[in-house]
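Step one of this worksheet: look at the structure below.
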Amino acid sequence: MRAAVVTGAGGGLGRAIAIELAGRGFAVWATDVDAEAAARTAEEIRGEVGAPAGGVVGASSLDVRDEKACRELASTVVAEAGSLDLWVN
């Protein structure tokens with residue numbers, strides 16, 4: 001399974017992209033500066049898409065200006081999903 005990190009997934013285009021990628025078979029890690037918004041998107045994906053089509057690896061708060069946090073998240077996604085194939089910012 002391919003894995004993707006989507007920043008800004010708590011709403012707007014980021015949310016739409018996260019949902020679309022999950023529907024296309026990606027395991028998605030939803031991030032946003034608002035952790036609760038990212039978690040809501042992740043729950044929506046779990047409810048609409050489910051694991052067979054793709055789904056959610058996780059959700060968390062992320063400020064993309066923090067390079068160290070981005071690298072740590074990339075490592076976490078690889079550990080959880082086995083790869084990181086796409087990063088949408």
Side-chain angles (χ1 to χ4, degrees):
M1 178 179 297
R2 297 173 298 169
V5 168
V6 180
T7 66
L13 284 174
R15 179 182 160 277
I17 291 167
I19 292 167
E20 178 68 22
L21 288 173
R24 291 180 181 223
F26 280 83
V28 174
W29 192 292
T31 71
D32 200 281
V33 291
D34 180 346
E36 291 179 10
R40 283 192 300 271
T41 297
E43 286 304 313
E44 184 176 350
I45 291 170
R46 285 184 184 105
E48 288 184 14
V49 177
V56 174
V57 178
S60 63
S61 173
L62 180 68
D63 182 344
V64 296
R65 297 172 296 177
D66 184 342
E67 187 175 331
K68 181 180 177 196
C70 291
R71 287 185 183 163
E72 289 172 354
L73 177 60
S75 294
T76 298
V77 172
V78 170
E80 295 287 326
S83 68
L84 175 54
D85 304 286
L86 181 65
W87 185 291
V88 179
N89 180 32

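Hydrogens, waters and symmetry mates play no part in the numbers below; they use all other heavy atoms, side chains included.
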Q: Tell me, please, which residues at least two apart from Glu20 pass side-chain hydrogen bond (donor to acceptor under 3.5 Å, both in side chains).
A: Arg24
Q: Any chance you could measure Asp34, atom CG, to Arg40, atom CZ, to the nearest 0.5 Å?
A: 6.0 Å
**Q.** Any residue meeting side chain to side chain contact (heavy atoms under 4.5 Å, CB included) with Leu86, in chain and number order, not counting sequence neighbours
**A.** Ala4, Leu21, Phe26, Val88
Q.
Could you check whether any side-chain N or O of Thr31 sits under 3.5 Å from a backbone N or O of Val6, counting only pairs where one atom can act as donor and the other as acceptor?
A. yes
Q: Kindly say whether Val33 contributes a backbone atom to a donor-acceptor pair with the side chain of Asp63 at under 3.5 angstrom?
A: no
Q) Measuring from Ile17:CD1 to Thr41:OG1, what's the distance to the nearest 0.5 Å? A) 11.5 Å
Q | Over all atoms of both residues, closest heavy-atom pair of Met1 and Ala27 | A | SD-CB, 3.3 Å
Q) With the threshold set at 4.0 Å, does a side-chain nitrogen-carboxylate oxygen contact exist between Glu67 and Arg71? A) yes
**Q.** Heavy-atom closest contact (Ala59 atom, Ala38 atom, distance)
**A.** CB-O, 3.7 Å
Q.
Apply the hydrophobic cluster definition, ILVMFWY joined by side-chain contacts under 4.5 Å directly or through others, and give me every member besides Val64.
A. Val5, Trp29, Val57, Leu62, Leu73, Val77, Val78, Leu84, Trp87
Q. Do Arg46 and Glu43 meet the salt-bridge criterion of a basic N to acidic O distance under 4.0 Å?
A. yes
